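Working notes, beginning with the structure itself.
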Amino acid sequence: MSLKLYDTLTRSVRDFEPADPPRVRLYACGPTVYDHAHIGNYRSFLVYDLLHRYLKWSGYDVDFVMNLTDVDDKTIDRASEAGKDVREYTAPFTESILADARTLGILPARSYPLATGYVPQMVSWIERLEEKGLAYATEDGSVYFSIGAFPAYGRLKGLDPEFTRPGARVADDEYEKENVRDFALWKAAKPADEAVGAAWDSPWGRGRPGWHLECSVMSIAELGETLDIHMGGEDLVFPHHENEIAQSEGVTGQTFVRHWVHVKHLVVEGEKMSKSLGNTITVHELLEEGLGPAAIRHQLLGAQYRRELNFTRDGLAASAAAVQRLLDFEARLAETVGAGGVDGAGNRPPAADGGAPATATAESGGLAGPLARLADEAVEAFRTALEDDLNSAEALAALFVFVNRVNGELDAAAEVAQCDLEAARAALASMDEVLGLLSVAHEDLDVDDDFASEIESLIAERKAARGDKDFARADAIRDDLVERGIVLEDSAAGTRWKRVR
RNA sequence: GGCGCCGUAGCCAAGCGGUAAGGCAGAGGCCUGCAAAGCCUUUAUUCCCCGGUUCGAAUCCGGGCGGCGCCUCCA
């Protein structure tokens, strides 16, 4: 079995095969860094991360690059309002977006190229397009891509080839284009561009690159002429990615991208998220409200990436509970003491005390105990779900089936073999390498040493109170700790504590 | 208008021709000093509606109804 991924260009689920295994050249369209990124951006980033993590988990050597757009109309407008240079204006947002991504457990890309760092390369790319007759300059000093000269134009979006036919020159207010759909490769500088430092010298005069060009030039510069996977939000299919194909293949003559992956937009509380509705949510806000990053992660992975996902406050609470269930399960596995060790062949040693042989493995009739079998089944189901076009919802289900079955086994069994426990722990850790739920939650819930020792001493005090049947005191200690975000759980093995959101 | 997606329990969400995963929430029970955690039972005889194909359909086809996305430098 291997990964099957939907490909926008062929509109079909295809086997994923990198051109040069085990290397995978992975490129994603990142955000425009003019503000904090919103929850929709992060859905995309989390899908990028899911694919990134899954590929690594599967043994690929992933070279992941995500661009950051720091020069375009939005950054220029905002920088202008703030009276700052465009790079000076965008840098803090770049920082905050990447910081929030780290908090959400998004694995870093190898490189985050900025458009402003590639202007000379973009200029020479335009010159090559001109040489090939795919671009033309206009009198005002702008340069356009001529879609009529690129027969494959429109294939990604499935557009009628008719409309790429070169028509009469279309006189715009200020431009002169051969076809209304021709797009800017180079835009003549306006005073506002100059004011914020968003203008560069070029053979066509002062100006700035068109937005679409940066991805072609930067992805090829960083990863080579053919990318294995190019990802983005569904809104980027047209015109952005259509234009990237035209620019890239127009120059190289090579297939630009082997696999196009597009993430469906989410909705918020059942409505499209948009600035006009005033319902945009940024991850920055959610984190500042104290919502757990693992819960955000869980909700965003709760639907397969090509399905609409409804991001809600109620859903976030449900996700927080689901993450807690995982944490509790992990803690239970960690504190369960296994019976006996194993030799290299997985055989149980004779019981040291001469007692009855362990039933856990004996009843299973094999060397692998019930937990080890459940672990194998879970990882297999998990893998199968992800191989099926990154079905994260089904992968999560596989994980939770595992949690339920193992908990049941642990409740029922008198004792569990050490090797069996290890197998269960390893399976959980392995699945979390892809999901990143537990690791993010731990990062989030860490308690400093002082507080931890205070908790321990309160637990000791409570134990004494319970010993004296002073339940009022014992409960008061427990209630106070709950106020401080610490939940106590008594069991035969003693009292354990956990921090909750 | 063009292209495309979706309608499954109270909410979220899998399922891709073989007899309804999972999470959250709810009810009852076991365990517990009480809790928490965990487990067990329970919560859709049924998948928007109507036809059709099939031994068999939530799954395929046709027609409705309803919701949504992109086509505008929004991931």
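Remember, predicted model here, so these are calculated numbers, not experimental data. Just so it is clear: chains get the letters A, B, ... in the order the sequence lines come, proteins before strands, and each one is counted from 1.
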Scanning all shown strands, the Watson-Crick or wobble mate of U42(B) with both distances under 3.5 Å is G26(B)
Indicate the ring-plane relationship of Phe145(A) and Phe183(A), choosing parallel, tilted or perpendicular according to the 30° and 60° boundaries. parallel
| request: Could you check whether His38(A) gets within reach of a base, just the sugar-phosphate, or nothing at all, counting any heavy atom under 4.0 Å? | output: base
>> Please determine whether any donor N or O and acceptor N or O are separated by less than 3.5 Å between the side chain of Asp490(A) and the base of C34(B).
In response: yes
Under a 3.5 Å limit on both distances, the Watson-Crick or wobble mate of A36(B) is none
- Message: When you compare the side chains of Asn279(A) and Glu269(A), does any donor N or O come within less than 3.5 Å of an acceptor on the partner?
- Response: no
- prompt: Looking across every strand, which nucleic acid part, if any, lies under 4.0 Å from Met231(A) by heavy atom: base, sugar-phosphate, or nothing?
  reply: nothing
For A21(B), the nucleotide meeting Watson-Crick or G-U wobble distances (both under 3.5 Å) is none
Touch check for Arg462(A), heavy atoms < 4.0 angstrom, all strands: base, sugar-phosphate only, or nothing?
base
Between Tyr89(A) and Phe93(A), how do the two ring planes meet: parallel, tilted or perpendicular, split at 30° and 60°?
tilted
**Message:** For G33(B), does the base pair up with any side-chain atom of Asp475(A) as donor and acceptor (N or O, under 3.5 Å, distance only)?
**Reply:** yes
Within residues 96-106 of chain A, the residues having a heavy atom closer than 4.0 Å to RNA chain B are none
- Message: For Leu386(A), is there any backbone N or O sitting under 3.5 Å from a side-chain donor or acceptor partner on Asn391(A)?
- Response: no
query: Looking only at N and O atoms, is any donor in the side chain of Arg11(A) or the base of G4(B) less than 3.5 Å from an acceptor on the other one?
result: no
Report task. Assess the pair Tyr42(A) and Phe45(A): is the distance between their ring centroids shorter than 6.0 Å? Result -> yes
Taking for Glu394(A) and for Gly315(A) the nucleotide of RNA chain B with the nearest heavy atom, the one nearer the 5' end belongs to Gly315(A)
Aromatic contact between His212(A) and His241(A), with the criterion being ring centroids under 6.0 Å apart: yes or no?
no
Expected list for residues 492-501 of chain A near RNA chain B, using heavy atoms below 4.0 Å, is Arg496(A), Lys498(A)
- Task: Please indicate whether Arg405(A) has more than 12 foreign heavy atoms, meaning atoms of other residues, nucleotides or ligands, lying under 6.0 Å from its CZ.
- Result: no
At 4.0 Å (heavy atoms only), tell me whether Leu266(A) reaches a base, stays on the sugar-phosphate, or touches nothing. base
_Using a 4.0 Å heavy-atom cut-off, does Arg325(A) contact any base of the nucleic acid, only the sugar-phosphate backbone, or nothing at all?_
sugar-phosphate
To the nearest angstrom, the CG-P distance between Asn41(A) and A75(B) comes to 5 Å
Here the distance between atom C1' of A75(B) and atom NZ of Lys264(A), to the nearest Å, is 13 Å
Asn404(A) atom CG is separated from A37(B) atom C1', nearest whole Å, by 14 Å
pair_partner(G4(B)), Watson-Crick or wobble, both distances < 3.5 Å, evaluates to C68(B)
Mate of G51(B) across any strand shown (Watson-Crick or G-U wobble, both atom pairs under 3.5 Å) is C61(B)
What distance, rounded to whole Å, do you find between the two C1' atoms, one in A9(B) and one in G62(B)?
29 Å
Please classify the nucleic acid contact of Leu399(A) as base, sugar-phosphate, or nothing, using heavy-atom distances under 4.0 Å. nothing
query: Within the structure shown, what part of the strands sits under 4.0 Å from Phe471(A) by heavy-atom distance: base, sugar-phosphate, or nothing?
result: base
- Answer with base, sugar-phosphate or nothing: what part of the nucleic acid does Gly40(A) contact at a heavy-atom distance below 4.0 Å? base
task = Please confirm whether any donor atom in the side chain of Arg478(A) sits under 3.5 Å from an acceptor in the base of C34(B), or the reverse.
result = yes
From CD of Glu308(A) across to P of C6(B) the rounded distance in Å is 11 Å
Taken to the nearest whole Å, CZ/Phe400(A) to C1'/C12(B) is 13 Å
| Once the angle between the rings of His240(A) and Trp211(A) is folded into 0 to 90°, is it parallel (under 30°), tilted (30 to 60°) or perpendicular (over 60°)? | parallel
| said: Counting the atoms with a prime plus P, OP1 and OP2 as sugar-phosphate, which does Ala397(A) contact under 4.0 Å by heavy atoms, base, sugar-phosphate, or nothing? | reply: base
| said: Between Thr312(A) and Asn310(A), is there a side-chain donor-acceptor contact under 3.5 Å, judged purely by atom types and distance? | reply: no
request  = Could you check whether Gln304(A) gets within reach of a base, just the sugar-phosphate, or nothing at all, counting any heavy atom under 4.0 Å?
outcome  = sugar-phosphate
Note to self: Quick check, does His265(A) stack with G69(B)? I mean ring centres under 5.5 Å and planes off by under 30°.
What the structure shows: no
message = Using the rule given for ring-ring contact (aromatic ring centres under 6.0 Å, His included), can you reason through His259(A) versus His230(A), listing the C-alpha separation, both sets of side-chain angles and the distance that settles it, and then say yes or no?
response = CA-CA 6 Å; His259(A) 230 109; His230(A) 187 133; over 10 Å; no
Check whether the side chain of Arg43(A) and the base of A75(B) form a donor-acceptor pair under 3.5 Å.
no
Do His36(A) and Asp100(A) get their side chains close enough for a donor-acceptor pair, meaning under 3.5 Å? no
*So what does Asp314(A) touch, heavy atoms closer than 4.0 Å: a base, only the sugar-phosphate, or nothing?*
nothing
When rounded to whole Å, the CG to C1' distance for the pair Leu301(A) and A14(B) reads 15 Å
To the nearest angstrom, the NZ-P distance between Lys157(A) and C71(B) comes to 7 Å
Is Arg306(A) positioned over the aromatic face of Tyr6(A), cation under 6.0 angstrom from the ring centre and no more than 45 degrees off axis?
yes
Does the side-chain ring of Phe45(A) sit on the six-membered ring of the A75(B) base, less than 5.5 Å centre to centre and under 30° in tilt?
no
**Request:** For Val401(A), report the nucleic acid contact type (base, sugar-phosphate, nothing); a contact means any heavy atom under 4.0 Å.
**Result:** sugar-phosphate
Taken to the nearest whole Å, CG/Asp480(A) to P/A35(B) is 19 Å
